[in-house]
Amino acid sequence: MTTEARSDAPTLVEDLLLLLFQPRSGTIAGENTLFYVLGGAILADLALGDHLTTADRGRLGSVAGHPPSDGLLRPAWDYLAEKPRGVQTALAAIGPALRQPVLERLIERGDIDQEPRKVLGLFRTTALRGGRTERRAALLADVRRVLVDGAEPQARVAALAALLSASGTLPQFHSEIPWTSSVISRAKELERGTWGADAAAAAVTRTVTATVVNSAIAAITVLPRS
């Protein structure tokens, strides 16, 4: 299990992976493009915490002397502290190593459970199933209120919904979030950083998050979908 410093409140990347987890099948939606959206969630979380700044040509850099305390976020901050990087370069560097530690966080928090199984009666493996908390349902309700009911989101929920849309997996949530033209339109607004008055985070946060999300989309669209 993970041992690095962990904040009491879940990170944005934990929330995103929890939403992508499908309790009925025990699988994670969008596995083929997962590292891009998880990397995007890390960068968006850093932006929301005012740990990132924009440099020339749309590159991202770390705010000097203001590192995040959470161990999931710190490696990305350190990487960008070396020098400003393009968003897609950063996504490719930080994203691939995220799935396992983030999943371990969710298991530690009880949001996802593991159970041992045998394959063909011989080989031991583990399967994922829904956890003992109601956090996934609460997150899904927050996203639904924004996408379906038209509620103005808090900045964190706006970023989460935008990243979920960027992952290309929203159609898989049709039973909870109907895949309608109005939902598609609202999701695209969030991807562009149009969050509304209630999400009036600092302009740099909206700009960085929109840049991150759209760079993730650009990277994802050239990959095969699961």
*Starting from the C-alpha separation in whole Å, work towards a yes-or-no answer on side chain to side chain contact (heavy atoms under 4.5 Å, CB included) for Ile184 and Trp179.*
CA-CA 7 Å; Ile184 294 169; Trp179 187 238; 3.6 Å; yes
_Residue pair Leu52 / Leu43: nearest heavy atoms and the distance that separates them_ = CD1-O, 3.5 Å
*Linked, directly or transitively: Leu80 and Val63 (ILVMFWY side chains, under 4.5 Å)*: no
*How about Pro75 and Ile94: do any of their side-chain heavy atoms sit closer than 4.5 Å?*
no
*How long is the span from the CG atom in Leu60 to the CG atom in Leu46, to the nearest 0.5 Å?*
9.5 Å
*What residues form a side-chain hydrogen bond (donor to acceptor under 3.5 Å, both in side chains) with Asp45, not counting sequence neighbours?*
none
_Give me the atom names and distance for the closest heavy-atom approach of Ala159 to Leu12._
CB-CD2, 4.1 Å
_Student check: side-chain heavy atoms of Gln172 and Leu20 closer than 4.5 Å_ = no
_By the salt bridge (Lys or Arg N to Asp or Glu O under 4.0 Å) test, which pairs, at least two apart or in different chains, include something from residues 84-96?_
Glu82-Arg85
*Shortest non-hydrogen separation from Leu18 to Leu106 and the atoms involved*: N-CD1, 3.8 Å
*Which pairs with one or both residues in residues 163-174 pass salt bridge (Lys or Arg N to Asp or Glu O under 4.0 Å), sequence neighbours excluded?*
none
*What ring pair (Phe, Tyr, Trp, His ring centres under 6.0 Å) pairs are there with at least one residue in residues 77-105, not counting sequence neighbours?*
none
_Pairwise distance CD(Glu176) to NE2(His174) - rounded to 0.5 angstrom_ = 10.0 Å
_Set of residues satisfying side chain to side chain contact (heavy atoms under 4.5 Å, CB included) with respect to Ala127, sequence neighbours excluded_ = Glu115, Arg117
*Can you check whether Ser165 reaches Leu190 side chain to side chain, under 4.5 Å on heavy atoms?*
no
_Applying ring pair (Phe, Tyr, Trp, His ring centres under 6.0 Å) as the test, list every pair that has at least one member in residues 42-62; sequence neighbours left out._
His51-His66
*Would you call Arg105 and Glu108 a salt bridge, taking side-chain N to carboxylate O under 4.0 Å as the test?*
no
*Under the side-chain hydrogen bond (donor to acceptor under 3.5 Å, both in side chains) test, which residues partner Thr11, sequence neighbours left out?*
Glu14
_Going by side-chain hydrogen bond (donor to acceptor under 3.5 Å, both in side chains), name the residues that satisfy it together with Arg135, two or more places apart in sequence or in a different chain._
Asp15, Asp111
*Would you check if the side chain of Ser62 reaches a backbone N or O of Ala64 as a donor-acceptor pair within less than 3.5 Å?*
no
*Quick one: do Leu98 and Ile42 satisfy side chain to side chain contact (heavy atoms under 4.5 Å, CB included)? Show the steps, please.*
CA-CA 9 Å; Leu98 287 171; Ile42 290 285; 3.6 Å; yes
_Test log, rule side chain to side chain contact (heavy atoms under 4.5 Å, CB included), inputs Arg109 and Thr133_ = CA-CA 8 Å; Arg109 294 186 189 276; Thr133 73; over 6 Å; no
*Any residue meeting side chain to side chain contact (heavy atoms under 4.5 Å, CB included) with Gln22, in chain and number order, not counting sequence neighbours*: Ser25, Thr27, Ala29, Arg136, Phe173
*Taking C-beta and beyond as the side chain, do Leu139 and Val157 meet within less than 4.5 Å on heavy atoms?*
no
_Cationic N near anionic O, under 4.0 Å, Asp78 to Arg74_ = yes
*asked:* Working to the nearest 0.5 angstrom, can you tell me the gap between Ile112 CD1 and Phe21 CZ?
replied: 5.0 Å
*Kindly give the heavy-atom pair with the smallest separation between Arg144 and Pro178, and that separation in Å.*
NH1-CD, 3.6 Å
*If you look at every heavy atom in Gly130 and Asp113, which pair is closest and at what distance?*
O-OD2, 3.7 Å
*Could you state the interatomic distance from OG (Ser167) to CD1 (Ile28), rounded to the nearest 0.5 Å?*
12.0 Å
*Side chains of Leu34 and Leu17: does their closest heavy-atom pair fall under 4.5 Å?*
yes
*With a 4.5 Å heavy-atom cut-off, do Thr169 and Val37 have their side chains touching?*
no
*Evaluate the side-chain proximity of Leu72 to Val13: yes if any heavy-atom separation is below 4.5 Å, no if none is.*
yes
*Does Thr89 have any side-chain hydrogen bond (donor to acceptor under 3.5 Å, both in side chains) partners at least two apart in sequence or in another chain, and if so, which?*
none
*When you measure from the side chain of Asp149 to the backbone N and O of Ala151, does any donor-acceptor pair fall under 3.5 Å?*
no
_I'd like to check the side chain to side chain contact (heavy atoms under 4.5 Å, CB included) partners of Ser182; sequence neighbours left out, ordered by chain and number._
Thr180
*For Ala55, enumerate each residue passing the side chain to side chain contact (heavy atoms under 4.5 Å, CB included) test, keeping only those at least two apart in sequence or located in another chain.*
Arg59, Pro84
*Decide yes or no on side chain to side chain contact (heavy atoms under 4.5 Å, CB included) for Gln114 and Arg129, but give the supporting numbers first.*
CA-CA 6 Å; Gln114 287 186 119; Arg129 58 185 177 86; over 6 Å; no
*For the student: nearest non-hydrogen atoms of Leu163 and Ala44, plus distance*: CD1-CB, 4.2 Å
